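For clarity, every value in this text was computed on a predicted model and none was experimentally measured.
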Amino acid sequence: MFQIRNERATDYKSVEEIVRKAFYNVYIPGCMEHYLVHIMREHEDFVPELDLVAELDGQVIGNIMYTKAKLTDSKGAQKEILTFGPVSILPGYQRKGYGKRLIEVSLQKASELGYDVVVIFGSPANYVSCGFECCKKHNVCVEDGKYPAAMLVRELKPGVLDGEKWYYSGSPVMSVNEKEAAAYDDSLEKMERKWMPSQEAFYIMSRSFVE
């Protein structure tokens with residue numbers, strides 16, 4: 001049986017293990033996403049109602065977490081929005097639709113909570129099937145006015161961003177301290193940090209912009 005439910009305190013350790021296994025060596029040698037999960041739950045921008053796990057036959061196999069973010073228009077007016085990440089599926093269960101279902105259910109819940117925009121950073125190939133679009137289509141940029149290729153936007157209320165240029169600001173919790181993350185990783189069961197081709201693809205994508 002497959003179900004999606006809110007994360008419980010008893011899930012914390014297994015969720016962090018899933019995140020670690022899902023991201024290890026994908027973007028960098030090792031990973032920092034499990035440390036982000038570890039510290040995110042206590043941050044003021046964390047949205048516990050949208051902290052969800054995917055459970056298959058009684059085993060937690062995936063997780064998604066949201067934090068608050070904001071958009072600021074050219075007049076200085078701010079709009080509270082959401083971002084998610086990490087979204088993780090245990091290796092062995094990936095590419096079977098579980099991650100997409102987690103995203104879809106969480107977006108519906110976000111809409112029910114009154115949020116109307118979600119901005120994320122990730123590979124477009126992974127998220128366009130969930131309705132995410134290039135940030136430039138919605139005139140959402142980062143602080144310097146550039147449009148990162150990896151920044152994607154989903155309007156939960158169509159047209160809500162029309163007519164303005166928006167500047168994105170994420171939660172401070174997303175700025176993970178690399179040394180603290182590495183120290184936390186070293187305290188866990190050893191996994192080999194190594195180079196993978198996906199890290200070069202990430203390097204290119206994370207430094208690419210839409211003109």
Side-chain angles (χ1 to χ4, degrees), residues 15-40 54 61-67 69 82-103 106 118-154 167-211:
V15 164
E16 290 179 25
E17 290 174 352
I18 289 168
V19 174
R20 189 180 187 224
K21 290 176 180 177
F23 284 96
Y24 220 75
N25 297 323
V26 173
Y27 298 133
I28 60 171
C31 73
M32 297 189 291
E33 285 82 359
H34 58 307
Y35 178 67
L36 173 60
V37 167
H38 183 69
I39 63 174
M40 184 188 294
I61 63 166
N63 170 256
I64 190 169
M65 291 181 167
Y66 280 73
T67 53
L82 293 172
T83 185
F84 67 65
V87 53
S88 313
I89 298 295
L90 190 66
Y93 296 93
Q94 295 175 2
R95 305 298 176 187
K96 296 182 179 181
Y98 297 123
K100 184 176 182 180
R101 185 65 182 141
L102 256 180
I103 293 170
S106 68
V118 179
V119 175
I120 63 170
F121 287 82
S123 171
N126 293 333
Y127 297 106
V128 292
S129 65
C130 294
F132 284 88
E133 298 178 314
C134 174
C135 61
K136 191 164 187 181
K137 284 188 174 182
H138 297 279
N139 215 6
V140 176
C141 62
V142 289
E143 185 177 358
D144 60 6
K146 292 184 177 180
Y147 299 92
M151 187 163 77
L152 308 170
V153 177
R154 168 74 187 265
Y167 295 83
Y168 174 81
S169 301
S171 170
V173 75
M174 293 299 196
S175 299
V176 174
N177 183 298
E178 293 184 16
K179 290 184 178 179
E180 292 178 359
Y184 182 69
D185 188 60
D186 287 339
S187 73
L188 304 174
E189 182 180 354
K190 184 174 176 57
M191 293 178 68
E192 182 185 1
R193 297 172 184 160
K194 59 185 178 180
W195 183 87
M196 298 287 285
S198 57
Q199 295 169 22
E200 182 65 17
F202 172 73
Y203 181 89
I204 294 168
M205 174 59 69
S206 63
R207 288 160 177 78
S208 301
F209 298 90
V210 178
E211 297 293 335

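I89 has its side chain out of reach of N63: every pair of non-hydrogen atoms, C-beta onward, lies at least 4.5 Å apart. Counting heavy atoms from C-beta outward, H34 and L188 have side chains that approach closer than 4.5 Å. Contact annotation: the side chain of L36 approaches that of M174 to within less than 4.5 Å [non-hydrogen atoms, C-beta and beyond]. Residues P124 and F132 have side chains not in contact (no heavy-atom distance under 4.5 Å, counting atoms from C-beta outward). Contact of the P148 side chain with the S208 side chain is not registered, since no non-hydrogen atoms from C-beta on lie closer than 4.5 Å.
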Apply side-chain contact (heavy atoms from CB on, under 4.5 Å) to I61 and Y98, showing your working. CA-CA 9 Å; I61 63 166; Y98 297 123; 3.7 Å; yes
Determine whether E189 and E17 satisfy the following criterion, side-chain contact (heavy atoms from CB on, under 4.5 Å), listing intermediate values before the conclusion. CA-CA 10 Å; E189 182 180 354; E17 290 174 352; over 6 Å; no
Step by step, work out the side-chain contact (heavy atoms from CB on, under 4.5 Å) result for C141 and K146. CA-CA 5 Å; C141 62; K146 292 184 177 180; over 6 Å; no
What do the steps show when you test E143 against Y168 for side-chain contact (heavy atoms from CB on, under 4.5 Å), and what is the final call? CA-CA 7 Å; E143 185 177 358; Y168 174 81; over 6 Å; no
Could you go through K190 and D185, starting from their C-alpha distance and side-chain angles, then the distance that decides it, and tell me whether this counts as salt bridge (charged side-chain N to carboxylate O under 4.0 Å, His left out)? CA-CA 8 Å; K190 184 174 176 57; D185 188 60; over 6 Å; no
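K96 places a side-chain N or O within donor-acceptor distance of the main-chain N or O of G92, the cut-off being under 3.5 Å. Without hydrogens or angle criteria, S198 side chain to V26 main chain gives a donor-acceptor distance under 3.5 Å. Side-chain N or O atoms of K21 include none that pairs as donor or acceptor with a backbone N or O of P91 at under 3.5 Å. Side-chain N or O atoms of N25 include one that pairs as donor or acceptor with a backbone N or O of G30 at under 3.5 Å.
Taken to the nearest 0.5 Å, the CZ atom of R154 stands 10.5 Å off from the CD1 atom of I120. With rounding to the nearest 0.5 Å, the separation of OG in S171 from CG in L82 is 11.5 Å. Remark: I39 CD1 to M32 CE distance equals 10.0 Å, nearest 0.5 Å. Annotation: the span from F209 atom CZ to M151 atom CE amounts to 9.5 Å, rounded to 0.5 Å. Note that CE of M196 is 16.0 Å distant from CZ of R193, once rounded to the nearest 0.5 Å.
Checked by atom type, the side-chain pair Y147/N139 shows a donor-acceptor distance below 3.5 Å. Defined by atom type and a distance below 3.5 Å, a donor-acceptor pair is present between the side-chain atoms of Y35 and E180.
The two residues V118 and T83 come nearest to each other via the heavy atoms CG1-CA, 4.3 Å. Between G122 and L152, the shortest heavy-atom distance links the atoms O-CD1, 3.8 Å.
When the ring-ring contact (aromatic ring centres under 6.0 Å, His included) test is applied to Y127, the partners found at least two apart in sequence or on another chain are F84. In this view, F23 and V19, Y27, C31, E33, P86, S88 satisfy the side chain to side chain contact (heavy atoms under 4.5 Å, CB included) rule, not counting sequence neighbours.
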